[in-house]
**Q** 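Have a look at the structure that comes next, please.
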Amino acid sequence: MRYAMAIDTKKCVGCSDCVVACQTENNVPIGYCRDWVIEATTGTYPDLSLEFRSERCNHCSNAPCVRCCPTEASHVVNGGIVLVDHNECIGCKACIESCPYDARFVHPEGYVDKCTFCIHRVEKGENPACVNVCPTKCMYFGDTDDSNSEISKILKKRKWKTLIPEAGTDPNIYYLI
Amino acid sequence: MDKDFSRREFIKISSAGLGGLALSNPVFNWLKGETMVPGVLPGTYKRVPTYCEVCFWKCAGWAHVNDQGEIWKLTGNHEDPHCNGRLCPRGTGGVGMYYDEDRLKTPLIRRIVNGKQVYREASWNEAFDYIADKMKKIADEHGPECIALFSHGSGGKHFGRMLKAFGSPNITAPSYAQCRGPREVAFFSTYGEGIGSPERVDIRDTDCLVLIGSHIGENMHNGQVQEMSDAIDKGATIITVDPRFSTAASKSKHWLPIKPATDMALLLSWINVIINNEWYDKKYVEKYTFGFDELKEHVKNFTPEWAYGITTIKPHIIRKTAKVMANAAPSVIIHPGRHVTWYGDDTQRLRAVAILNALLGSWGRRGGFYNPEKRNVAKLKLPKYPKPSKTWRDAFPEQYKLAHLALASGICDATIPTAERDCSFKGWIVNGTNLISTLPKPANTLKAIQSLDLMVVVDTMPMEITGYADVVLPECTYLERYDNIRVSAHREPTIALRAPAVAPMYNSKPAWWMAKELANRLNLQDYFPFATEEEELDWQLKQVGSSLDEMKKIGMKKFDREFDDVYPLENLDDYEFNTNTGKIELYSTAMEDEGYDPLPTYTPHEEPPEGFYRLNYGRAPMHTFSRTANNPNLTDLMDENSVWINPKVAKEWDLANGQKIWLENQDGIVTSFPIKVRVTERIRWDSVYMVHGFGHTDKRMKRAYGKGASDSELITQTKIDPVMGGTGMRVNFVTFLTEAPIKGAV
């Protein structure tokens, strides 16, 4: 089983609902976030294109944060979800340095925090809060090892990219383009 | 490319940086010290139904509350067609409205202490007695009609009932003359029916969606944003007309970067092309419409070549996009927009939109405009309201004759006494609308306020308007109160319940209770026959076969349609329209009868003077007007606005991205605060753009104070729509000041 997310940049309007839904769902303190939205404009008026991307931890299959963690606080659980055990984390920030996606931050309580793919929801068979709330339904979550899952089908059908593939982390967030 | 994808860019748009202040919701402090095991949150949770009050879309949802009465999160109701289980960012962040520590907390009465005006905290009894005495005095001296209610939101229904019982029909919302009024009048004149809210556009099933200055996706009108996404999935063609590369423009196959203020020319030339090429729906036009020959004659000179000189849109693009629409017809929507008070000829521009839709046969057809149906809850059995002897209209003889609702700007103007008029308004009750930034010409609004004998402001937040009140009444948020049943017209009729998720915080109270208490003091208690709103709602719900108990469980109830006519004109069935001729009036007899142009014409609008740029304004998806400006969850996403400036213009003025500047308009008015420059290719060189609702001047709103600049301050000119009194507001021009203006300098 390999959990992954595919996000359709053709539909995303950059509204940041994913950010606020994550914040309330996971009690992320105000001033911090586990996901965020990027806007990238290219071209010259009036020949322009615009891409919005909802970004977060890529739950990499080859996760540098897990490898560099001295206390094994950063670890991988079933389905490839990368988590941080808050009790084990000593706040050394090595993982923050190692992450090419800048997806981690130090929670005001001292431990490193980041996206959990809403594992508490996924375990109950629900989608992560961001996927669940998105008004444009531009986010798909599921098991890419299951060729019949919606996400596997959409990744077969559509063109996609991942972020910073050259970092060799084997990320699991896909952007449909 | 990668540098564009840094977290820094994120801070700019979502503004929730890692360097930010940890401002945990106070309620969740109990979490501190406990291990955050994902998925295990202390307490047992229940869900309480509500419908959202952060904007007018009123999505039905659930407040998730624990046994200690603390709100965890808000989610959408899956059955609700307004949101389909997905709240927008504002709805999701609505919880911040409740937790905002800057809320109004107790009633305040203006008093003079040692020669200085101050607010004194008052009891509810003192506040109501004060208001009732003043209302009676105004009624005795000038008549009860001289008290007006301005409202935007659910509370208006309750105060409206009280005021109608008192004898005043002057109940208004800025959502008419400052927003969608021209659209309603234009469609009434053409089809005998308005557009309503949520808009009756069948975006879900359309093949072609045409947006004219309508920035769906930035305006987060939830169901509509969702349906636009569905339409993209289904391969619909989107055509966007906008001087700005809006989010919607970026999703469009055809973006027409029009010169601002020239939309009418484009619309007329589209009509010209569609008629001349016989691309219109002949059977539909013949069967349902009136005045086709007059229209054909009228538009014969409005060729794409003519329009090119005005709009800067090339003739072949005009022809091509007209063909795209015609090919999709009748599954095509020329979207009527929502905020359409732009240039003062807005009813006529929306008439052109209505006509174009009629030529393509989209009204009453799948993928065009559907026929909404609603199920009213039972009317309360109340005594008859007294018949008023005068209305706001008396201040405007022979003007705005097709206005079918009261004008907020009109009542404001009619509050400033003149020699000719003896019926100036003397009292205002203002609920949920910050008139200082809602109405154009703020100096005029302040002048009107100075003429009042009584001003009551009911709000949840210390908005600027509260600073001018004689009495401030703290309303509890929508999460702490019952309100009227939401009755909405949609493809299927629905009703929704708002129940309090938690008890009102501080000394705040629901509007229903305030209106009833005031009614008691005005001897109008018969108009509030129920002891509690729960009893009133339960009675109403039982009349439609539901109950308060049932609604508390389901939140929202769908009814079957009584008539199977979602698309009544799909098969060219007979249909009588509610117009003078019983037809779709391409040529409007209603307009003609009142002395207005029966067919829309192009009028050139004033252009910016040298060194000035047209001020365009709009929405960001995470904010609603100024209502959300201090919401901790939403300011976390966006805490200030910026002024969008084309790189060529920025170069000419030597402006850098992120630089703070002041904006000065054509009348020498300068913004109270500086605003950050956003140098972007997404805007034309002849206009600038900013998001409305920022630049708050009230220090009591700590997160909003001084953040960004207010477009409203710069809207000192309007062009009034002669048909219905709408205030065209995109007629202001600004220039840039790179140094702080010296206070008091001439």
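Values in this document were obtained by computation on a predicted structure and should not be read as measured data. Convention: sequence-line order gives letters A, B, ...; per-chain numbering from 1.
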**Q** How long is the gap from OG on A:Ser16 to CG on B:Leu634, to the nearest 0.5 Å?
**A** 10.0 Å

**Q** Let's test your reading of the structure: which of B:Leu87, B:Asn222, B:Thr680 forms the most heavy-atom pairs below 4.5 Å with chain A?
**A** B:Leu87

**Q** So B:Arg682 and A:Glu39, do their side chains get closer than 4.5 Å, heavy atoms only?
**A** yes

**Q** Do any side-chain atoms of residues 229-239 of chain B form donor-acceptor pairs under 3.5 angstrom with protein atoms, and if so which ones, sequence neighbours left out?
**A**
{"from": "B:Ser229", "atom 1": "OG", "to": "A:Thr136", "atom 2": "O", "distance (Å)": "2.5"}
{"from": "B:Asp230", "atom 1": "OD1", "to": "A:Lys137", "atom 2": "NZ", "distance (Å)": "3.0"}
{"from": "B:Asp233", "atom 1": "OD1", "to": "A:Lys11", "atom 2": "NZ", "distance (Å)": "3.4"}
{"from": "B:Asp233", "atom 1": "OD2", "to": "A:Lys11", "atom 2": "NZ", "distance (Å)": "2.7"}
{"from": "B:Lys234", "atom 1": "NZ", "to": "B:Arg204", "atom 2": "O", "distance (Å)": "3.2"}
{"from": "B:Lys234", "atom 1": "NZ", "to": "B:Asp205", "atom 2": "OD1", "distance (Å)": "3.0"}

**Q** Side chain from CB out, backbone as N, CA, C, O: work out which of these in A:Val131 comes under 4.5 Å of a heavy atom of chain B, or both, or neither.
**A** backbone

**Q** Would you check if B:Met622 and A:Val20 make a side-chain contact, meaning some heavy-atom pair closer than 4.5 Å?
**A** no

**Q** At a 4.5 Å cut-off on heavy atoms, which part of B:Ile216 comes close to chain A: side chain, backbone, both, or neither?
**A** neither

**Q** What part of B:Asn84 gets closer than 4.5 Å to chain A, counting heavy atoms only: side chain, backbone, both or neither?
**A** neither

**Q** Taking the side chain as every heavy atom from C-beta outward, state whether A:Val13 and B:Lys251 have any atom pair closer than 4.5 Å.
**A** yes

**Q** Identify the heavy atoms of A:Pro135 and B:Met220 that sit nearest to each other, and give their distance.
**A** CG-CE, 3.6 Å

**Q** Side chain, backbone, both or neither: which part of B:Arg90 has an atom under 4.5 Å from a heavy atom of chain A?
**A** neither

**Q** Does any backbone or side-chain atom of A:Cys134 lie under 4.5 Å from a heavy atom of chain B? Answer side chain, backbone, both or neither.
**A** both

**Q** Using side chain to side chain contact (heavy atoms under 4.5 Å, CB included) as the criterion, list what pairs up with A:Asp146, not counting sequence neighbours.
**A** A:Asp143, A:Asn148, A:Ser149

**Q** Assess whether side-chain contact (heavy atoms from CB on, under 4.5 Å) is satisfied between A:Val133 and B:Thr75, documenting all intermediate values.
**A** CA-CA 8 Å; A:Val133 81; B:Thr75 58; over 6 Å; no

**Q** Okay, side chain of B:Asp636, backbone of A:Gly31: is any donor-acceptor separation there less than 3.5 Å?
**A** yes

**Q** Given side chains that start at C-beta, do those of A:Pro46 and B:Phe245 come closer than 4.5 Å, heavy atoms only?
**A** no

**Q** Between B:Trp644 and A:Tyr45, is the ring centre distance below 6.0 Å?
**A** no

**Q** Indicate the atoms forming the closest heavy-atom contact of B:Thr247 with A:Leu50, along with that distance.
**A** CA-CD2, 4.3 Å

